[in-house]
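Taking it in order: structure first as structure tokens, then the write-up.
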Amino acid sequence: MMISTKILMKAECFFSKARTLIKESILSAELTDAEFVPYVQPVYKADVIVGGEVLLRILKNGILHSPEKYLSAMESCDVINDVTCSLLSGVKSYFEGYAGALPNDFYLSFNICARQLNSPRVIKEVTDFNETFEGRIAVVLEIVERGTMDFDDFALESMQQLTASGVRFAIDDFGSGSSCLKYIEHAGFSTIKIDSCLTVINNGSLVYSTVLDAILMLSKNLGIDLIAEGVETEEQYQLLKQKGVLNFQGYLFSRPVSIEHFARQYL
């Protein structure tokens, strides 16, 4: 007897939800008593700091861990919203009590997935952060390019509303995934972050020089800023500058550091 397509679809939906619940349970167990700690990596324009990217570190049993082993699972379930809200709240609390001067047009960026723009809780935290530091710290949301970058109508509407309120958007890790180029022109992005895989050098030259030329032309035509990620050497930095890249991030300038270190050392 043949099984109907409708029954197969229901079964697939059931097992998909079950897998998600199991994944969330395992992840929650692994992260029990863990703390989401904001670290910051500076972003420079020439030799002047202009902002910082807030990055997740996981503190468990007194030891700091990179989030890499958890990221895929986090991004496939609602735990990622807990992480994003925790980072926004933690950074907000720190800078509410920070009395030092900040650079002109200073910003802090946070990584999110496109689907998180469907989360009212994330939207509220972003809005609260933006309103708290209006005119002092701009907020940039970096849409990560892992997997396929896809926006439904609700996400696009949320993006437009946030943009109108002053929130800026960047495409993170550009060139490493499968983002839809159509979004760059009309979705409201202000920045492209060139993935480190495209900024590598070999024998004194940029390996992907022609690709970088095309990205630079695209950014110029659309009026979008560029940031080169993964800048680790002075030679790499100079070659990218000669290309026309103006903004940089990488170990040449600083590794990600605690928020206290960042404020003390770079602001």
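Computed from a predicted model, the values in this text were never measured in an experiment.
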Query raised in the report: Is atom OH of Y94 surrounded by more than 12 heavy atoms (other residues, nucleotides or ligands) closer than 6.0 Å?
Result: yes
Query raised in the report: Can you check whether L162 reaches M159 side chain to side chain, under 4.5 Å on heavy atoms?
Result: no
Report task. Using modelled atom types only, decide if a donor and an acceptor are shared between the side chain of T127 and the backbone of I123 within a distance under 3.5 Å. Result -> yes
Requested in this report: Find out whether F129 and V167 are in side-chain contact, i.e. whether some heavy atom of one side chain is under 4.5 Å from a heavy atom of the other.
Outcome: no
Query raised in the report: CZ/F36 to SG/C85 distance, rounded to the nearest 0.5 angstrom?
Result: 11.0 Å
**Report entry** ILVMFWY cluster, V37 and L56 together (side-chain gap under 4.5 Å)
**Finding:** no
Query - OG-CG distance between S86 and N81, expressed to the nearest 0.5 angstrom - result: 12.0 Å
Query raised in the report: Between N130 and S165, is any pair of side-chain heavy atoms under 4.5 Å apart?
Result: yes
Query raised in the report: Going by the angle between their ring planes, with limits at 30° and 60°, are H261 and Y266 parallel, tilted or perpendicular?
Result: parallel
Query raised in the report: Do R115 and D152 meet the salt-bridge criterion of a basic N to acidic O distance under 4.0 Å?
Result: no
Query raised in the report: Has the side chain of E96 got a donor or acceptor atom that lies under 3.5 Å from a matching backbone atom of T132?
Result: no
Report summary line: CD1 of I192 to CD of E142, rounded to nearest 0.5 Å, is 12.5 Å
Query raised in the report: Do N111 and L55 have side chains that get closer than 4.5 Å, going by heavy atoms?
Result: yes
Query raised in the report: Would V91 and L59 show up in the same hydrophobic cluster when neighbours are defined by side-chain heavy atoms closer than 4.5 Å?
Result: no
Query raised in the report: Would you say T199's side chain and E229's backbone share a donor-acceptor pair under 3.5 angstrom?
Result: yes
Query - Hydrophobic cluster identity match, L88 and F133, side-chain contacts under 4.5 Å - result: yes
Query raised in the report: NZ of K45: more than 12 outside heavy atoms within 6.0 angstrom?
Result: no
Query - I201 vs T233 side-chain heavy atoms within contact, under 4.5 Å - result: yes
**Report entry** Side-chain (S205) to main-chain (N202) donor-acceptor, under 3.5 angstrom
**Finding:** yes
Query raised in the report: So do E53 and P256 actually touch side chain to side chain, heavy atoms under 4.5 Å?
Result: no
Report summary line: Distance col, row I259:CD1 vs L108:CG, nearest 0.5 angstrom, shows 7.0 Å
Report task. Please examine the side chains of F248 and K241, heavy atoms only from C-beta on, and report whether any two atoms are closer than 4.5 Å. Result -> yes
Report task. For atom CG of N221, decide whether the heavy atoms of other residues, nucleotides or ligands shown that lie under 6.0 angstrom number more than 12. Result -> yes
Requested in this report: Could you tell me whether R136 atom CZ has more than 12 heavy atoms of other residues or ligands within 6.0 Å of it?
Outcome: yes
Query raised in the report: If we ignore angles and hydrogens, is there a donor and acceptor under 3.5 Å between the side chains of E234 and Q238?
Result: yes
Report task. Taking S190 for its side chain and F169 for its backbone only, find out whether a donor-acceptor pair lies under 3.5 Å. Result -> yes
**Report entry** K193/D173 salt bridge by N-O under 4.0 Å criterion
**Finding:** no
Query raised in the report: Can Y39 be reached from V54 by stepping across I, L, V, M, F, W or Y side chains whose heavy atoms are under 4.5 Å apart?
Result: no
Query raised in the report: Which heavy-atom pair separates E235 from G204 by the least distance, and what is that distance?
Result: OE2-CA, 3.2 Å
Query raised in the report: Taking the side chain as C-beta and beyond, is there a heavy-atom pair between V122 and L117 under 4.5 Å?
Result: no
Query raised in the report: Atom CG in L64, atom CD in E35: separation rounded to 0.5 Å?
Result: 9.0 Å
Query raised in the report: Among the clusters formed by ILVMFWY side chains lying less than 4.5 Å apart, do F253 and L240 turn up in the same one?
Result: yes
Report task. State the CG-CD1 distance between D172 and I194, to the nearest 0.5 angstrom. Result -> 12.0 Å
